[in-house]
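Values below: all heavy atoms of this structure, side chains included; hydrogens, waters and symmetry mates excluded. Bear in mind the structure is a predicted one, so any value in this text is a computation, not a measurement.
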Amino acid sequence: MFIINIYTFKFLLFTFIAMSLQTTSAPMRHFLQLTDFSATEILYVLTRAHYIKQKFKRYEPHMPLHDRTLAMIFEKASTRTRVSFEAGMYQMGGLVINLTSNDSQLGRSEPIEDTARVVTRMVDIVMIRTFEQSRLERFAAHSRVPVINGLTNEYHPCQILADLLTYIEHHGSIQGKTVAWIGDANNMAYTWLQAAQLLDFKLHISAPKGYQLDKERIASINPKHFQEFDDPMQAATNADLITTDVWTSMGYEQENEKRRQAFANWMVDQEMMSLANPDALFMHCLPAHRGEEVSAEVIDGPQSVVWDEAENRLHVQKALMEFLLLGKKETPSF
């Protein structure tokens with residue numbers, strides 16, 4: 001006859017209860033660029049973000065990640081990325097660990113593969129803001145948990161999620177619309193290209209010669225989803241959204257004066273906005289330099305939605321982390 005003592009029984013009972021209460025995890029996925037998700041998955045995250053945002057506005061707790069820890073690794077400076085991820089994880093009941101190159105072994109030449117092997121044994125999800133996309137991919141290849149791209153030189157997918165949510169909240173579906181990107185063919189421009197292909201809209205791109213799209217990187221993009229213009233005014237004509245970024249991104253500061261001269265005719269001003277559709281929106285991922293890439297009258301004007309756009313980083317990233325860790329949840333449509 002098998003006899004179990006009271007202490008063993010209590011331990012087994014506690015283990016059973018803990019397992020039954022444990023939140024179900026989703027199969028591990030990474031979000032290193034927008035095309036890591038299907039169009040259906042992107043639209044789900046946006047819908048979920050809107051739902052989470054409405055709960056936030058009503059002061060209703062939403063804490064599905066109460067037992068999870070986010071590690072944030074910053075090799076590039078940040079304001080919006082840090083605040084939005086950190087606040088978002090705390091609001092969902094989780095914990096946050098913040099690492100930079102200055103206060104971790106990454107700044108002392110530890111291979112990023114080793115950092116991944118160690119850190120991801122101790123946390124549930126990682127966000128990295130770094131330089132080359134290949135560095136992010138090396139980390140992800142050795143990670144035991146989902147990894148999110150908080151920005152690289154090549155892509156900025158979390159920002160585009162926020163931009164898409166902002167457009168949809170103001171004007172509905174972006175399918176079939178025209179977005180004008182005015183400025184450098186940078187990480188934002190290439191991520192907008194991915195969004196256009198996934199969500200079936202048209203991207204107009206205008207950049208000075210020498211700062212245009214890399215032909216090799218756009219070889220697989222269907223031409224129906226984008227068009228390049230030498231004249232930024234033509235790119236803005238009949239657009240539903242005009243968006244831009246600083247002329248000199250992080251890492252290119254030594255080119256600042258050269259870029260100021262090259263981009264002199266690419267400032268988004270009221271004349272350019274007047275060529276777009278009457279209800280066109282203006283976006284900027286921030287920080288902005290009034291009088292350079294955008295005039296004060298535009299960014300502070302009635303067509304600007306930059307503050308909604310900035311806030312929406314919080315909500316899309318909460319939805320993104322929830323999706324990567326817990327999978328899809330039943331969500332009311334917009």
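- In terms of the side-chain contact (heavy atoms from CB on, under 4.5 Å) criterion, residue partners of Glu137 (sequence neighbours excluded) are, by chain and number, Leu32, Gln33, Gln133.
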Can you give the donor-acceptor pairs under 3.5 Å from side chains of residues 49-56 to other protein atoms, not counting sequence neighbours?
| residue | atom | partner | partner atom | Å |
| --- | --- | --- | --- | --- |
| His50 | ND1 | Glu169 | OE2 | 3.3 |
| Lys53 | NZ | Glu169 | OE1 | 3.0 |
| Lys53 | NZ | Glu169 | OE2 | 3.2 |
| Lys53 | NZ | Asn312 | OD1 | 2.9 |
| Lys55 | NZ | Pro61 | O | 3.4 |
| Lys55 | NZ | His62 | ND1 | 3.4 |

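- Between Glu292 and Val246 the shortest side-chain heavy-atom distance does not fall below 4.5 Å.
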Inset, instruction - Start with the C-alpha distance between Phe85 and Leu70, add both sets of side-chain angles, then the distance that settles side chain to side chain contact (heavy atoms under 4.5 Å, CB included), and finish with yes or no. - result: CA-CA 9 Å; Phe85 268 106; Leu70 164 70; 4.2 Å; yes

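- Shown here for Ser295 and Gln270, the closest heavy-atom pair between the two residues is OG-N, 4.2 Å.
- When hydrophobic residues (I, L, V, M, F, W, Y) are linked wherever their side-chain heavy atoms come within less than 4.5 Å, the members clustered with Trp247 are Ile182, Tyr211, Met233, Ile242, Phe263, Trp266, Met267, Val268, Met272, Met273, Leu275, Phe282, Leu286, Val294, Val298, Ile299, Val306, Trp307.
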Legend entry - Stepwise side chain to side chain contact (heavy atoms under 4.5 Å, CB included) check, Val126 with Val145: CA-CA 7 Å; Val126 176; Val145 302; 3.9 Å; yes

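- Ile128 is listed as a side-chain neighbour of Phe139, based on a closest heavy-atom distance under 4.5 Å.
- The closest side-chain heavy-atom distance from Ile73 to Met127 is not below 4.5 Å.
- A donor-acceptor pair is defined here as one N or O able to donate and one able to accept, closer than 3.5 Å; such a pair exists between the side chain of Thr120 and the backbone of Ala116.
- Residue Arg290 holds its CZ atom at 12.5 Å from CD of Glu297, rounded to the nearest 0.5 Å.
- Residue-environment remark: CZ (Arg58) exceeds the threshold of 12 foreign heavy atoms within 6.0 Å.
- Taken to the nearest 0.5 Å, the CD atom of Gln261 stands 10.5 Å off from the CG atom of Asn256.
- Between the side chain of His30 and the backbone N or O of Ile148 there is no donor-acceptor pair closer than 3.5 Å.
- Closest approach of Cys158 and Gln317 over heavy atoms only: CB-OE1, 3.5 Å.
- Of the possible polar contacts, none joining the His225 side chain to the Ile221 backbone as a donor-acceptor pair under 3.5 Å is found.
- With sequence neighbours excluded, no residue forms a salt bridge (Lys or Arg N to Asp or Glu O under 4.0 Å) with Asp200.
- Distance check, rounded to the nearest 0.5 Å: CD of Gln197 to CG of Leu34 gives 10.5 Å.
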Inset, instruction - Check the pair Thr178, His204 against side chain to side chain contact (heavy atoms under 4.5 Å, CB included), reporting the backbone distance first and the verdict last. - result: CA-CA 7 Å; Thr178 298; His204 287 180; 3.6 Å; yes

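- Here Leu281 contributes atom CG and Glu309 contributes atom CD; the two are 10.0 Å apart, rounded to the nearest 0.5 Å.
- In this structure, the side chains of Ile97 and Leu99 come closer than 4.5 Å at one or more pairs of heavy atoms.
- Taking Asn186 as the reference, Asp245 meet the side chain to side chain donor-acceptor pair (under 3.5 Å) condition, with sequence neighbours excluded.
- Side-chain atoms of Thr248 and Arg259 include no donor-acceptor pair closer than 3.5 Å.
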Inset, instruction - Applying side chain to side chain contact (heavy atoms under 4.5 Å, CB included), run through Arg68 and Ile125 and close with a yes or a no. - result: CA-CA 8 Å; Arg68 306 303 174 98; Ile125 189 166; 5.9 Å; no

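- The pair Glu311-Arg80 fails the salt-bridge criterion, with no side-chain N (NZ, NE, NH1 or NH2) lying under 4.0 Å from an Asp/Glu carboxylate O.
- The shortest heavy-atom contact between Leu203 and Ala189 is CD2-O, 4.1 Å.
- Residues passing the side-chain contact (heavy atoms from CB on, under 4.5 Å) test with Leu213 are Ala185, Tyr190, Leu193, Ile205, Ile218, Phe226, Glu228, sequence neighbours excluded.
- A ring-centre distance under 6.0 Å is not found for Phe31 and Phe323.
- For His156, there are no side chain to side chain donor-acceptor pair (under 3.5 Å) partners, not counting sequence neighbours.
- Sorted by first and then second residue, the salt bridge (Lys or Arg N to Asp or Glu O under 4.0 Å) pairs with a member in residues 143-161 form an empty list; sequence neighbours excluded.
- Counting non-hydrogen atoms of other residues, nucleotides and ligands closer than 6.0 Å to CZ of Arg117 gives a total above 12.
- Residues Ala239 and Ala280 come closest through the heavy atom pair O-CB, 3.5 Å.
- Not counting sequence neighbours, Ser333 has no partner by the side-chain contact (heavy atoms from CB on, under 4.5 Å) test.
- A cation-pi arrangement is not found for Lys177 relative to Tyr167, the charged atom failing to lie both closer than 6.0 Å to the ring centre and inside a 45° cone about the ring normal.
- In this structure, the side chain of Ser304 does not engage the main chain of Asp300 through any donor-acceptor pair within 3.5 Å.
- Contact between Ala39 and Leu199 at its shortest, heavy atoms only, is CB-CD2, 4.0 Å.
- Between Leu46 and the options Ile174, Leu165, Leu320, a side-chain contact (heavy atoms from CB on, under 4.5 Å) holds for only Leu165.
- Salt-bridge annotation for Arg29 and Glu41: present, with a side-chain N of the basic residue lying under 4.0 Å from a carboxylate O of the acidic one.
- For the side chain to side chain donor-acceptor pair (under 3.5 Å) test, residues two or more places apart in sequence or in another chain that qualify with Thr81 are Arg129, Arg313.
- For residues 233-243, the pairs satisfying side chain to side chain donor-acceptor pair (under 3.5 Å) are Asp240-Asn277, with sequence neighbours left out.
- Checked by atom type and distance alone, the side chain of Ser143 never pairs as donor or acceptor with a backbone atom of Ala140 at under 3.5 Å.
- Taking a cutoff of 4.0 Å between a charged side-chain nitrogen and a carboxylate oxygen, Arg48 and Glu322 qualify as a salt bridge.
- To the nearest 0.5 angstrom, Trp192 atom CH2 is 5.0 Å from Ile160 atom CD1.
- To the nearest 0.5 Å, atom CE of residue Met92 and atom CG of residue Leu325 are 8.0 Å apart.
- Residues Glu75 and Arg135 are paired through a salt bridge, judged by an N-O separation under 4.0 Å between the basic side chain and the carboxylate.
- Defined by atom type and a distance below 3.5 Å, a donor-acceptor pair is missing between the side-chain atoms of Thr244 and Glu293.
- Annotation: side chain to side chain donor-acceptor pair (under 3.5 Å) contacts of Asp308 (sequence neighbours excluded): His170.
- In this structure, Ser206 contributes its side chain and Phe229 its backbone to a donor-acceptor pair below 3.5 Å.
- Shortest non-hydrogen contact noted between Gly183 and Ala207 is O-CB, 3.1 Å.
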